[in-house]
Amino acid sequence: PDRLHLCLAAGAPFGGPVATVRNEHVFQPVKGSLQTHLQTWTAAGRLIQSAPWVHTGLVTMGWSAQETLVCVFESGLIRTYSVMCEPL
């Protein structure tokens, strides 16, 4: 995406998918909807999937060896998602 510097991003190893979500700690001008989305992209920059993101307090995210997106929150909660942005 063209606003990658405004997002938290995690890239899977070996040219796997890249996940992005809006960084809630960075001021961003509003263009269109206020709805935040979790998005997954190919390594070439093509959108794979997008899903509404309703969580707050994301600290970091990364990919497991099985290509599961692991998201860690300030509260200590861990959520996992598939490449298609589906909660696991």
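If you're wondering where the values come from, they're calculated on a predicted model, not measured in any experiment.
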Applying the side-chain contact (heavy atoms from CB on, under 4.5 Å) criterion to Leu8, which one of Val59, Val21, Thr20 satisfies it? Val21
Closest heavy-atom pair and its distance - Cys85, Ala51: CB-CB, 3.6 Å
Kindly give the heavy-atom pair with the smallest separation between Pro52 and His37, and that separation in Å. N-CD2, 3.6 Å
Distance (rounded to the nearest 0.5 Å) between Ile48 CD1 and Met84 CE: 7.5 Å
Does Gln49 reach the main-chain N or O of Val83 with its side chain, forming a donor-acceptor pair under 3.5 Å? no
Considering only distance and modelled atom types, tabulate donor-acceptor pairs under 3.5 Å from the side chains of residues 65-80, sequence neighbours left out.
residue: Gln66; atom: OE1; partner: Ser64; partner atom: OG; Å: 3.4
residue: Ser75; atom: OG; partner: Leu77; partner atom: N; Å: 3.4
residue: Arg79; atom: NE; partner: His55; partner atom: ND1; Å: 3.4

Nearest 0.5 angstrom please: Asn23 CG to Thr36 OG1, how far? 10.5 Å
Short question: side chain of Trp63, backbone of Pro13 - any donor-acceptor pair under 3.5 Å? no
Looking only at non-hydrogen atoms, find the nearest pair between Ser50 and Gln39 and report the distance. OG-CG, 3.6 Å
In sequence, state the C-alpha distance, the side-chain angles, and the governing distance for Trp53 and Leu58, and then conclude on side-chain contact (heavy atoms from CB on, under 4.5 Å). CA-CA 11 Å; Trp53 182 259; Leu58 180 65; 4.2 Å; yes
Taken to the nearest 0.5 Å, the spacing of Leu47 CG from Thr42 OG1 works out to 9.0 Å
